[in-house]
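Heads up: the structure comes next, in structure tokens.
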Protein chains: 2
Amino acid sequence: MSNNQFRKGELYSFITGKASIAIARRLQKKFNTAGLNLTIEQWSVLYHLWKQDGISQQELCNATFRDKPSITRLVDNLEKLQLVKRVSSDADRRMNLIYLTRQAQKLQEQSMGIAEETLNEALEGVPAERIEICKEVLQIVYDNLK
Amino acid sequence: MSNNQFRKGELYSFITGKASIAIARRLQKKFNTAGLNLTIEQWSVLYHLWKQDGISQQELCNATFRDKPSITRLVDNLEKLQLVKRVSSDADRRMNLIYLTRQAQKLQEQSMGIAEETLNEALEGVPAERIEICKEVLQIVYDNLK
DNA sequence: TTTGGTTAGTTGTATAAACAACTATATGTC
DNA sequence: GACATATAGTTGTTTATACAACTAACCAAA
């Protein structure tokens with residue numbers, strides 16, 4: 001069954017992820033305004049470390065859907081900002097375990113608050129059950145393609 | 001009304017646009033496999049020129065949600081690939097009008113077919129009315145933030 | 001213990017995005 | 001017409017992504 005649900009302009013929006021780009025831009029602006037010297041991509045790495053500290057770069061790749069070079073460089077930059085530290089694993093010396101610094105721990109609450117605020121602005125006026133359906137559809141899309 | 005519809009992991013997916021990244025990657029792979037030497041970003045510019053040829057770089061900015069430097073460089077690269085030509089406007093000599101070459105015109109049918117195919121794969125198993133709701137929610141998100 | 005394959009991470013290169021600063025042209029007002 | 005201001009596009013810089021090629025460490029089988 002081919003489902004040609006998309007008129008041309010809508011096809012374009014879906015492929016380009018217009019909505020998520022708008023969310024990311026708004027979040028970045030809020031970070032800047034708040035004086036958080038952090039890119040969204042860097043934040044997304046910290047996000048997973050706040051959930052579980054001391055995971056490997058490979059685990060960060062899986063969690064953030066990025067390839068290894070991308071994580072290498074994001075960790076490079078986070079290290080320069082003194083927000084994380086690479087510690088090579090005793091158990092497997094190929095692995096780097098990535099640990100948050102004190103400074104990064106302090107950023108969690110504020111930045112997560114800003115992220116929630118941004119999502120609330122994005123979804124203002126959308127009934128909960130429609131948000132739920134949207135989330136489910138996007139999850140299926142991801143599962144279909146992964 | 002604050003709508004905290006998001007458990008943490010879902011917040012992350014929404015912000016990062018996991019689904020649209022997956023769509024873009026799949027589309028890029030299909031382009032590569034088909035021997036189309038084209039990035040998704042370049043395709044997105046051609047997309048608007050296929051709808052209307054000879055528009056200005058500024059109009060391309062508005063259509064693609066990119067800033068002026070981004071379009072300058074995308075047009076640079078498309079010109080190197082001999083897919084578009086800059087023609088400075090007679091009416092307003094500040095403006096470049098961007099025209100498709102023969103070669104670019106030939107790419108329309110094939111690449112649009114691949115894009116539709118990709119979306120059909122992405123949305124496989126999702127009922128039409130749920131797709132409709134999802135599109136509407138994403139449009140509201142965009143309108144809320146723009 | 002050696003060999004061969006796998007996994008973790010890095011480096012090189014090309015493309016792209018965001019922001020700031022810039023040039024050139026146009027336009028509206030006096 | 002001259003000046004201030006706005007608009008179209010370019011260039012420089014930093015950050016990020018994707019892919020390929022690479023090194024180092026691990027592991028399993030002979």
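Keep in mind the model is a prediction, meaning the values are calculated, not measured. The chains referred to below are lettered A, B, ... by the order of the sequence lines, with proteins before strands, and numbering in each begins at 1.
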Using a cut-off of 4.0 Å on non-hydrogen atoms, how would the nucleic acid contact of [X] be classed: base, sugar-phosphate, or nothing?
X       : value
B:Thr72 : base
A:Ile71 : nothing
B:Gln28 : nothing

Below the 4.0 Å mark, does [N] have OP1 or OP2 next to a side-chain nitrogen or oxygen of [X]?
X       : N      : result
A:Arg86 : C:dT10 : yes
A:Arg66 : D:dA16 : no
A:Gln57 : C:dA8  : no
A:Arg25 : C:dA18 : yes
B:Asn96 : D:dT10 : yes

Ion pair present between [X] and [Y], side-chain N to carboxylate O less than 4.0 angstrom?
X       : Y        : result
B:Lys30 : B:Glu121 : yes
A:Arg26 : A:Glu117 : no
B:Asp76 : B:Arg86  : yes

Donor-acceptor pair, distance only, cut-off 3.5 Å: does the side chain of A:Trp50 make one with the backbone of A:Ala104?
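Checked: pair present.
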Between the side-chain atoms of B:Arg73 and the base atoms of D:dG12, is any donor-acceptor pair under 3.5 Å?
yes
Donor-acceptor pair present, B:Arg94 side chain and D:dT7 base, under 3.5 Å:
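Flag set: donor-acceptor pair detected.
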Proximity to the side chain of [X] - top-ranked nucleotide from [options]:
X       : options                : result
B:Gln58 : D:dG9, C:dA16, D:dA25  : D:dG9
A:Pro69 : D:dT15, C:dA20, C:dT11 : C:dT11
B:Lys68 : C:dA26, D:dC19, D:dG9  : D:dG9

Between B:Ser89 and A:Ser56, which has a closest nucleotide on DNA chain C that is more 5'?
A:Ser56
For DNA chain C, whose closest nucleotide is more 5', that of A:Asp92 or that of A:Asp76?
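By nearest-heavy-atom nucleotide position, the 5'-most residue is A:Asp92.
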Pick from B:Ile140, B:Val137, B:Asn144: which one makes a side chain to side chain contact (heavy atoms under 4.5 Å, CB included) with A:Leu123?
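Per the side chain to side chain contact (heavy atoms under 4.5 Å, CB included) rule, the option paired with A:Leu123 is B:Val137, out of B:Ile140, B:Val137, B:Asn144.
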If you find the nucleotide of DNA chain D closest to A:Lys80 and the one closest to A:Asp90, which residue's nucleotide is nearer the 5' end?
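The residue whose closest nucleotide sits nearer the 5' end is A:Lys80.
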